[in-house]
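Everything on this sheet refers to the single structure shown next.
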There are 2 protein chains.
Amino acid sequence: MKTIIDIAKAAGVAKSTVSRYLNGGPVSDETKEKIELVIKKYHYVPNTFAQSLKAKKTSIIGAIVPRLDSFATSQTLMGIDDELRIRQHQLLISNASQNLDREIEAIYELARQKISGLLLLAAQVTDRHLKAVKDCGIPVLLVGQRHTAIHSLIHDDFRAGHLMGRHVLEKGHRRIAYLGVTERDIAVGVRRKEGFNEALKEYPDCQVRYYESGFGMNEAVMAAEALLEEWKPTLIMCATDNIALGVMKAALVRRISIPSGLSVTGFGGYDITEITHPALTTVQFHYRQAGSLAAESIISLVNGETVDMITTSGCRLIERESVDNLQ
Amino acid sequence: MKTIIDIAKAAGVAKSTVSRYLNGGPVSDETKEKIELVIKKYHYVPNTFAQSLKAKKTSIIGAIVPRLDSFATSQTLMGIDDELRIRQHQLLISNASQNLDREIEAIYELARQKISGLLLLAAQVTDRHLKAVKDCGIPVLLVGQRHTAIHSLIHDDFRAGHLMGRHVLEKGHRRIAYLGVTERDIAVGVRRKEGFNEALKEYPDCQVRYYESGFGMNEAVMAAEALLEEWKPTLIMCATDNIALGVMKAALVRRISIPSGLSVTGFGGYDITEITHPALTTVQFHYRQAGSLAAESIISLVNGETVDMITTSGCRLIERESVDNLQ
DNA sequence: CTGAAAGCGCTTACAG
DNA sequence: CTGAAAGCGCTTACAG
């Protein structure tokens, strides 16, 4: 491996000049050419550790994700990665495996790696998160959840719930089961439901019951079975597409046909919902785009620019075949 | 931020002693205690850049993946991450977005980051890959594909194909369409098919036609539609679960019921196949476990230990509801 | 525009 | 077991 000294010698200049060339400092065209030539010849690439050690900063953005095997996470990560690449930054992904402790640890661990900014895709924000974020003293952007103390990029979960609520109500549904998730997840567990409740206000005659499921498809199947045992709604509104998939499975097993015997909706816009049978009516979030936006924002934050405390990424209703028209 | 000097001063020892303590060198119990105390007190963590710069090595393992939004990739990555964590190594993920050029670039880029080992989850291995691997001079383990020049960890695709072939043949299917993928992907495109062909040898009366699809679900839907237009097999054997999902969609749209009107099988063992209706018969690969194994192997390689040039991860047939019994 | 010098925070022989 | 010294490969004031 060649070092900056080798290059300097070969080019007949001082290493400080080479460094200046590398960092876009003032260098005459003549020496610029000489250096360029030598660098090409030797395939020289600066040692990032030495750079970071001296310059005391890196161009690495860290991202902590609760899990890797989720459509939303993958998409968001790809959006982040794309944008970061364009802006010459590196992405360091840390997977917490749905473990809160590991999430906190990861914050400290990434800080140790001297990342210059952190993207936090947490499902919930605890005091320990807050403390860790404060301790490590680097810019942080919360993605998918909001918190008054941290810059946040959120999806419009309330509007999503409202959109979907209005849609199914307009289709004439008046016996609706809402199959949600834990309220500790504010975005998914609370906001979507609140949006739905808002739509409900205009239909006081509508019967609604609330149920809760885990995030996994199998948990959803079981939750749906229990629900269907207890009540016969005309529609089950599911807090995520995965849960909707579970509900469809449970319905099919019971020979309830969708949508004639039971309507189902999701939230997310996962690829798979397009090819289920029937295709699922859902609200699509723009995960990939949100990822790009997040990357952009965190870089602004790192550069000391002002960024809105809260940015909202849109959503859109995709009407497909899983909701019966009762009108 | 405290440095090793601050710790040394506070503990009343030389910084080399602190360093020795940190790296498990010979230190008396007495000084060990003093140092420990100070480190705790100041929450001291060594600067990784300085460490790497001096020690000329890191405990980072790089992983290049063709895409992030794939079940197989996510699972493998989680397995890798878990094992690496146990062994005190860090994982640096680089996403190539299904772009061969970016895959090659990533090899050089990761080498620049001084990773100590590389896990390559490529779908195909070209001469340019080989050159890059050679150029960067670090241990590399190919995951999911094999190549004589590189240590490889593969799934038993041949056996998977054989297992599935025998299974459907024993169920009495004699008009089979094999919906495969590009042969540039040796593991998925070639080996699985070869395994199937092997099973076929015992049933010379079986009619078989071969078709090709892309990896995406929508591409599979289209491929299946074309196939069904042209031929009426009793079973479509799909090279991946995703493709099987696409076929199920196409069949359902045409009101062909599964498995009575058409049987379908997949390969992979993705979570989703458990809750499709009917549940999909498939061959499960152990992605997560393979990931752990890969992490283990690359660390051995980094440590200069000998590792088999090729390790094979198993698979198992999961018989569910999508194959009709024609006997 | 250019170079010499100092220093980033560690580790590792080398003496003792 | 312990310390002083050299050095990893860069960047950044400071002179010139």
Side-chain angles (χ1 to χ4, degrees), chain A residues 1-39 42-60 88 90 109 111-116 136-138, chain B residues 1-39 42-60 88 90 109 111-116 136-138:
Chain A
M1 269 293 126
K2 297 288 172 190
T3 74
I4 199 172
I5 292 216
D6 300 318
I7 305 304
K9 274 190 189 143
V13 298
K15 62 177 180 168
S16 31
T17 306
V18 177
S19 175
R20 235 175 267 115
Y21 165 83
L22 255 18
N23 295 294
V27 182
S28 74
D29 287 349
E30 197 184 347
T31 48
K32 207 175 276 186
E33 260 177 48
K34 281 193 293 187
I35 296 173
E36 203 157 341
L37 220 67
V38 179
I39 287 184
Y42 288 127
H43 290 109
Y44 168 72
V45 280
N47 179 315
T48 44
F49 295 120
Q51 287 181 311
S52 308
L53 176 58
K54 186 67 218 191
K56 294 197 167 257
K57 64 174 178 141
T58 66
S59 50
I60 305 174
Q88 319 262 39
Q90 254 249 307
E109 178 58 27
R112 186 170 121 79
Q113 309 285 326
K114 300 280 183 292
I115 56 170
S116 55
C136 74
I138 52 177
Chain B
M1 269 291 123
K2 297 288 170 188
T3 73
I4 199 171
I5 292 216
D6 300 317
I7 304 305
K9 275 189 189 144
V13 297
K15 63 176 180 170
S16 30
T17 306
V18 178
S19 175
R20 236 175 266 117
Y21 165 83
L22 255 18
N23 295 293
V27 181
S28 75
D29 287 349
E30 198 184 349
T31 47
K32 209 175 273 186
E33 261 176 45
K34 282 193 294 186
I35 295 174
E36 204 157 339
L37 221 68
V38 179
I39 287 185
Y42 288 128
H43 289 109
Y44 168 73
V45 279
N47 180 315
T48 44
F49 295 120
Q51 287 181 312
S52 308
L53 176 57
K54 186 65 219 196
K56 291 193 169 266
K57 63 175 179 140
T58 66
S59 50
I60 305 173
Q88 319 263 35
Q90 256 248 305
E109 177 58 27
R112 187 169 119 81
Q113 309 283 326
K114 300 282 184 290
I115 56 170
S116 55
C136 72
I138 53 178

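Every chain is numbered from 1, with letters handed out A, B, ... down the list of sequences.
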Give DNA chain D the dot-bracket treatment, 5' to 3': Watson-Crick (N1-N3 with N6-O4 or O6-N4) or G-U (N1-O2, O6-N3) under 3.5 Å, [ ] crossing, | other strand. |||.||||||||.|||
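- In this structure, CZ of A/Arg20 is placed 11 Å from C1' of C/dA4, rounded to the nearest angstrom.
- Atom-to-atom, NZ of B/Lys57 to P of D/dC8 comes out at 18 Å; the value is rounded to the nearest Å.
- To the nearest 0.5 Å, the span separating CD on A/Glu36 from OG1 on A/Thr31 amounts to 10.5 Å.
- The OH-P distance, from A/Tyr21 to D/dT11, rounds to 13 Å in whole Å.
- Atom NZ of B/Lys15 is separated from atom P of D/dA6 by 11 Å (rounded to the nearest Å).
- The shortest side-chain heavy-atom distance between A/Lys9 and A/Asp6 does not fall under the 4.5 Å cut-off.
- Of the residues in residues 22-32 of chain A, those placing a heavy atom less than 4.0 Å from an atom of DNA chain D are A/Asn23, in numerical order.
- Following rounding to the nearest Å, B/Lys9 (NZ) and C/dG9 (C1') show an atom-to-atom distance of 13 Å.
- Considering all non-hydrogen atoms of both residues, A/Asn47 and B/Lys114 come closest at ND2-CE, 3.9 Å.
- In this structure the side chain of B/Ile7 reaches within 4.5 angstrom of the side chain of B/Tyr42, judged on heavy atoms.
- B/Lys54 has its side chain out of reach of A/Phe49: every pair of non-hydrogen atoms, C-beta onward, lies at least 4.5 Å apart.
- Across D/dG3, D/dG9, C/dG3, the shortest atom-to-atom separation from the side chain of A/Thr3 is found for D/dG9.
- In this structure, the CD1 atom of A/Ile35 is 13 Å from the P atom of C/dC1, given to the nearest Å.
- Here the shortest heavy-atom pairing between A/Ala111 and A/Cys136 reads CB-CB, 3.5 Å.
- Of all heavy-atom pairs spanning B/Thr48 and A/Gln113, the tightest one is OG1-CA, 4.1 Å.
- The base of D/dG9 has none of its N or O atoms less than 3.5 Å from a complementary donor or acceptor on the side chain of A/Lys54.
- Two residues are said to be in side-chain contact when any heavy atoms from C-beta on lie closer than 4.5 Å; B/Ile39 and B/Leu22 meet this criterion.
- One finds a side-chain N or O of B/Tyr44 lying less than 4.0 angstrom from the OP1 or OP2 phosphate oxygen of C/dC10.
- For B/Lys56, a side-chain nitrogen or oxygen approaches OP1 or OP2 of D/dG9 to under 4.0 Å.
- Between the CD1 atom of A/Ile5 and the P atom of C/dA5 there is a distance of 13 Å, given to the nearest Å.
- Between B/Leu53 atom CG and D/dC8 atom C1' there is a gap of 4 Å when expressed in whole angstrom units.
- For the pair B/Thr17 and D/dG3, the criterion of a side-chain N or O lying under 4.0 Å from OP1 or OP2 is met.
- Residues A/Lys15 and A/Ile4 come closest through the heavy atom pair O-CD1, 3.6 Å.
- Proximity of A/Ser19 to the phosphate of D/dT11: a side-chain N or O atom is located under 4.0 Å from OP1 or OP2.
- A close approach under 4.0 Å does not occur between any side-chain nitrogen or oxygen of B/Gln51 and OP1 or OP2 of C/dG9.
- The two atoms that bring B/Ile115 and B/Thr58 nearest to each other are CA-OG1, 3.8 Å, heavy atoms only.
- Of the candidates C/dC10, D/dA4, C/dA5, the closest approach to any side-chain atom of B/Ala14 belongs to D/dA4.
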